[in-house]
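These notes concern the structure reproduced below.
Basis for what follows: all heavy atoms, side chains included, without hydrogens, waters or symmetry-related copies. Here is how names work: the chains are called A, B, and so on, in the same order as the sequence lines, proteins then strands, and each is numbered from 1.
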Amino acid sequence: MLDIRRIRSEPEAVKAALARRGIETSDVDRVAELDERQRRLASERDDLRARIKGLSKQVGMLHKEGKADEAAAVQAESRDLGEQEQALAAEAAGIATEVRDLLLRIPNTPHPDAPDGAGEAENPVVRVVGFDPDGYGEHQRIPHWELGPRYGILDNERAVKISGAMFTMQRKGGATLARALLQYAIDRNADDFEEVRPPTLVTSETLTATGQLPKFADDAYWVERDDLWCIPTAEVPLTSIHRDEILDTAELPLRFMAATSCYRREAGSAGRDTRGMLRTHEFDKVEIFQYATPEQAPEELDAMVARAEAGIRDLGLAYRVIEICTGDMGQSHHRTFDIEVYAPGTDQWLEVSSVSWFGDYQSRRGNIRYRPGGGGTAMVHTLNGSALAVPRVWAAIVETYHRADGGIDVPEALLPYFRGKTRIA
RNA sequence: GGAGCGGUGGCAGAGCGGACGAAUGCACCGGUCUUGAAAACCGGCGACCCGCAAGGGUCCGAGGGUUCGAAUCCCUCCCGCUCCGCCA
């Protein structure tokens, strides 16, 4: 959520920033106009309320002095004002709600350094690491959706029987691999991030704080009977850990990580990437997250990208880092870097991590504050990123580590999690 | 799910229709004293909105209602605790 004061004081700058996303910005004007009206009404209401308070005190005093008829006259006057006051209050409250509803739907402004672009195709590649297009053998050019069934480590036919399209099931070494990747990602970030096992069913308030609601309700699974939502990412519960709290500035940055299942309806992409593990309704991911001061945020963003990157690199996979351009950014994002792993069998760069700085967009929604020096409170900044999202890394490993003579090796970094085995299959 | 009790400032906790944004204690900040610290004493100390300011307003779990006036009374909901029921 953008700061209403910023919209008041520099509406044109806000609109210019939003326009870089290629979106229509008339809502900003609408908000400014409604806000102005709301404040005027609220101010009139405040004056009335102050008069009523004064009159009420008089009534109390007059009663004590035994002047009952004078008191009755004042009461009558106050009652009239009360009716006016209620009408004004109702109107102001209605407009305030309207302003908030609009604000919740206006996306974050991109960071000045975020690259301009109309969409995905214009995301600049920041660096490519470990990639040699000619460095792969024929045996590595087989997609994981063929290798998986061949070695009995991926059984999507039965997953579909159990849960329907776009659900997957790993078995044997494939299941071990999926779990090992989570453990691996947790272990290598445990130096700086507190491990959390958060709830994965959350309330609407929680899903609103991070930005999925109200605009993207169709993308999430909803448990209607209890009005709870399945999290699309651990970002959601982690961000709300300190919702409606004022954080101790000395403790910032405050870092958390969690391995959870993530649930996505993929409503807009039915029929796309339906094979294998490229796009699934349910998958596991280790998320790293932090609350930081605005001063700390830029370097923490770089540090989180470096962590996510190192996790992929140390698995022996080729990857590239891209920066997300203004036209491709998520609603809540201020600045974002993605890491894409190279999967030789499918011959694709697969997004396996997205690391973002949200500014105070989420913390304003969630009312998460700290006390900067010099008094008062301010919104903290939030940052998060996938340390490792399992399915696509799984796919890249299975394809990359397929041996010419058959079988799939365990990447060296994962050996500690394979109970002495050196083969996934 | 049923019954009972409860939700007040960073924490504990009083207030139960009128001058209450709210006693008191702890914590915290500043000062006096001290070589320094502790103790003691003095002072300060919630968040938010509008306003250049003076000042005004909102907030006692949330939302409605009663009243001239609600932290205080009534209703609904949410959360917590205790007991019962059910149950990995």
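- The distance from atom CG of A:L34 to atom P of B:C49 is 19 Å, rounded to the nearest whole Å.
- Surrounding CZ of A:R423 are more than 12 heavy atoms belonging to other residues, nucleotides or ligands, all under 6.0 Å away.
- Using the Watson-Crick or G-U wobble rule with both distances under 3.5 Å, B:C41 pairs with B:G31.
- Listed nucleotides B:A19, B:G18, B:A47 differ in distance to A:T377; the shortest reach to its side chain belongs to B:A47.
- Looking at heavy-atom distances under 4.0 Å, A:V74 makes no contact with the nucleic acid at all.
- Protein atom CG of A:N367 is 14 Å distant from nucleotide atom C1' of B:G46, rounded to whole Å.
- Comparing A:I246 and A:L55 by the nucleotide of RNA chain B whose heavy atom lies nearest to each, the residue mapping closer to the 5' end is A:I246.
- Across all strands shown, B:U72 has no partner, as no Watson-Crick or G-U wobble contact with both distances under 3.5 Å is found.
- Taking the P atom of each, B:A23 and B:C33 are spaced 31 Å apart, rounded to whole Å.
- A:R105 has no carboxylate O lying under 4.0 Å from a charged side-chain N of A:D101, or vice versa, which leaves the two without a salt bridge.
- Ring-centre distance between A:Y291 and A:H381: not below the 6.0 Å cut-off.
- Looking at heavy-atom distances under 4.0 Å, A:S56 makes contact with a base.
- The CD1 atom of A:I52 sits 16 Å away from the C1' atom of B:G18 (whole-angstrom rounding).
- Across every strand in view, B:C77 sits in a pair with B:G61 that passes the Watson-Crick or G-U test at under 3.5 angstrom.
- Note on ring orientation: taking the six-membered ring where Trp is involved, the planes of A:Y221 and A:F167 are tilted (angle from 30° to 60°).
- Of the P atoms belonging to B:C79 and B:A19, the separation is 34 Å, rounded to the nearest Å.
- Nearest nucleotide to the side chain of A:K57, out of B:G18, B:C48, B:A19: B:A19.
- Regarding A:D3, its CG atom lies at a distance of 9 Å from the P atom of B:C49, rounded to whole Å.
- Note that CG of A:L18 and OG1 of A:T326 are 11.0 Å apart. Values are rounded to the nearest 0.5 Å.
- Atoms CD (A:E205) and P (B:C77) sit 17 Å apart, rounded to a whole Å.
- One P atom belongs to B:C45, the other to B:G10, and the distance between them is 15 Å to the nearest Å.
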N/O donor to acceptor pairs below 3.5 angstrom from side-chain atoms of residues 80-89 of chain A, sequence neighbours left out:
from, atom 1, to, atom 2, distance (Å)
A:E85, OE2, A:R49, NE, 2.4
A:E85, OE2, A:R49, NH2, 2.5

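- With a cut-off of 3.5 Å on both pairing distances, B:G17 has no Watson-Crick or G-U wobble partner at all.
- Nearest-nucleotide mapping onto RNA chain B: of A:H63 and A:A378, the residue sitting toward the 5' end is A:H63.
- Within the shown strands, nothing qualifies as a pairing partner of B:G51 under the Watson-Crick or G-U definition with both distances less than 3.5 Å.
- The shortest side-chain heavy-atom distance between A:V286 and A:Y184 does not fall under the 4.5 Å cut-off.
- Between the P atom of B:G10 and the CG atom of A:L247 lies a distance of 13 Å, rounded to the nearest Å.
- Across all strands shown, B:C86 has no partner, as no Watson-Crick or G-U wobble contact with both distances under 3.5 Å is found.
- Using atom P as the reference point in both B:C48 and B:C42, the two lie 31 Å apart (nearest Å).
- As rounded to the nearest Å, B:U67 and B:U82 have P atoms that lie 40 Å from one another.
- Atom name C1', nucleotides B:G64 and B:C78: the rounded distance is 14 Å, in whole Å.
- Between the CD atom of A:E83 and the P atom of B:G65 there is a distance of 13 Å, given to the nearest Å.
- Taking atom C1' on both nucleotides, B:G21 is separated from B:G31 by 27 Å, rounded to a whole Å.
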- Message: At under 4.0 Å between heavy atoms, how does the protein contact nucleotides 50-57 of chain B? Give one character per nucleotide, 5' to 3', with B, S or -.
- Response: SS----BS
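- Taking the C1' atom of each, B:A54 and B:G44 are spaced 22 Å apart, rounded to whole Å.
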- Message: Test side chain to side chain donor-acceptor pair (under 3.5 Å) on A:T168 and A:N156; report intermediate values, then the result.
- Response: CA-CA 5 Å; A:T168 67; A:N156 283 359; 4.6 Å; no
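- Between the P atom of B:A62 and the CG atom of A:D244 lies a distance of 11 Å, rounded to the nearest Å.
- Side-chain contact, A:T382 with A:Q362: a donor N or O sits under 3.5 Å from an acceptor N or O.
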